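To start, the structure itself, in structure tokens.
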Amino acid sequence: MISADDARSYVLAGLSPLAPLEHPLAASIGLVAASTVTAREPAPSFVNSAMDGFALRAGDVTSSDTRLRIVDSVFAGESSTVVVGRGEATRIMTGAPLPPGADSVCPREDATVEADGHVVIQRTVTIGDSVRHVGEDITVGQTLVEPGDVITPALLGALAAQGLTSLSAHPVPRVGVLSTGNELVESGPLRAGQIRDSNRPTLLAALARSGFSPVDLGTVRDAKEDLRVAFETARATCNAVISTGGVSAGDADFVKVVLAELFGEATRSMQVAIRPGKPFTFALDVASATPFFGLAGNPVSTLVGFELFVRPALRRLAGQRDIDRPIIPMVLDCDLVRQPDGKLHLVHGVCRVHDDGRLHVESLAKRGSHLLFAIAQSNCLVMAPDGPSLAAGQIVRALVLDDNHLNAV
Ligand code: AMP
Ligand code: MG
């Protein structure tokens with residue numbers, strides 16, 4: 001057996017980010033930038049009002065009932081050329097440029113307009129009050145994006161405000177998913193011994209949830225030639241391929257055999273010291289740099305393998321610097337029964353933030369690599385290192401998979 005860490009390092013060693021492409025800015029949310037972007041314009045680009053109110057000269061406002069004559073009015077999107085002289089004010093709306101002569105703004109709620117075209121300013125004002133300055137957020141030449149930065153909504157907006165319409169970023173990996181097994185049926189009634197495929201829909205959904213582009217490659221029978229054709233086709237259309245089933249010790253477990261035939265030395269069938277998900281085959285098509293992940297067929301094992309090996313690898317392809325889910329220490333709120341067996345146990349659970357400000361986790365009642373529905377409401381994966389059972393109150397480390405249920409109820 002090899003450790004989960006070693007298996008993961010083995011997978012990651014051969015992988016690097018997909019070649020960057022120019023993407024429309026509007027479609028770049030969540031992508032990882034591949035080159036530097038510097039600011040062409042300052043933000044704000046002109047001095048403007050932070051409030052609806054009156055633009056004035058702070059020096060005129062000596063008491064908290066200064067009377068000023070209103071000389072103009074300026075809306076966002078306009079500009080006023082009327083100079084604000086001594087004893088004068090201009091009505092101004094948020095975002096409108098400060099008129100010449102004015103150096104500050106008094107908010108509308110601190111002023112009373114009189115019938116004769118005057119306004120009484122009912123507070124003292126300091127120069128610069130309620131005024132937004134040029135370059136406060138961004139100065140010209142400032143680095144806005146560095147390679148490896150993730151495009152967030154705020155960053156996308158800031159770049160759009162610079163007039164940028166496209167940027168160089170790593171593409172979203174296209175990830176093919178195929179299920180193997182003669183017992184799987186696509187539709188119609190089940191005959192004795194047959195089941196419906198759950199791994200493929202689960203993985204396609206998990207991929208979408210993690211921001212990758214899922215490609216449904218269907219089901220494949222436990223026949224070497226069928227598998228070979230399926231993998232060859234997948235290699236031509238996808239950046240990565242996940243198959244489930246056919247990697248353990250059964251007489252019809254041909255996935256590992258076919259991958260080894262196709263990719264030779266670059267294929268490794270491992271017995272990873274984890275439970276569930278021990279059998280795992282990884283292959284790399286060196287010519288196209290396409291990784292193949294042969295995950296164990298049991299549905300919970302499939303998801304564990306996805307989290308431990310596939311998702312970090314796909315994030316590496318996507319150019320992400322931070323490829324891991326958060327791993328957070330939590331208070332175990334129940335006993336976690338296990339035997340020493342040389343393996344890291346991965347136990348689905350539900351974690352929540354409690355009144356003590358810490359995360360608390362409860363494992364789910366039923367555990368078994370075939371019990372998919374039993375983990376449907378889990379939001380974390382407790383990592384119980386080899387050893388005896390863990391007792392309630394102990395601190396455990398867990399991978400946070402989802403923000404469902406995280407808030408205390
Ligand atoms: P295998 O790894 O092919 O030996 O499969 C292990 C177990 O997982 C068997 O009980 C299979 O029937 C089951 N299994 C394999 N593939 C799937 C699938 N796509 N959906 C649901 N169960 C599966
Ligand atoms: Mg099988």
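None of the values given here were measured: they were computed from a predicted structure. In each ligand, atom 1 is the first atom listed, and ligand 1 is the first ligand listed. Along the sequence shown, the residues carry numbers beginning at 1.
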Which ligand 1 atoms does [X] reach within 4.0 Å, using its non-hydrogen atoms?
{"X": "Ser179", "value": "19 (N)"}
{"X": "Asp197", "value": "18 (C), 19 (N), 20 (N)"}
{"X": "Ser248", "value": "2 (O), 4 (O)"}

Checking heavy-atom distances from atom 6 (C) of ligand 1 to each of Leu372, Asn182, Asn298, the winner is Asn298
Tell me the nearest of Ala252, Pro299, Ser198, Gly246 to atom 1 (P) of ligand 1, using heavy-atom distances. Gly246
What part of Leu184 sits under 4.0 Å from ligand 1 if we count only heavy atoms: the side chain, the backbone, both or neither? side chain
When you look for heavy atoms under 4.0 Å from ligand 1, do you find them on the side chain of Ile195, its backbone, both, or neither? side chain
Test item: side-chain donor near acceptor, Thr90 and Asp72, under 3.5 Å: no
Sequence-distant partners of His118, side-chain contact (heavy atoms from CB on, under 4.5 Å), two or more places apart: Arg67, Arg69, Glu114, Asp116
Below 4.0 angstrom, N of the basic side chain to O of the carboxylate: do Asp324 and Arg8 qualify? yes
Taking only residues two or more places apart in sequence or in another chain, which ones pass salt bridge (Lys or Arg N to Asp or Glu O under 4.0 Å) with Asp197? Arg200
Starting from atom 23 (C) of ligand 1, locate the nearest protein heavy atom and write down its residue, its atom name and how far away it is, to 0.1 Å. Gly297 O, 3.5 Å
For atom 17 (C) of ligand 1, find the nearest protein heavy atom and state the residue, atom name and distance (0.1 Å precision). Asn199 ND2, 3.2 Å
Give the ring-plane orientation class for His360 versus His354, where under 30° counts as parallel, over 60° as perpendicular and anything between as tilted. parallel
In terms of the angle between their ring planes, are Phe292 and Phe263 parallel, tilted or perpendicular, with boundaries placed at 30° and 60°? tilted
What is the distance from atom OG of Ser73 to atom CD of Glu78, rounded to the nearest 0.5 Å? 7.5 Å
Hey, does Glu183 sit under 4.0 Å from ligand 1 if you only count heavy atoms? yes
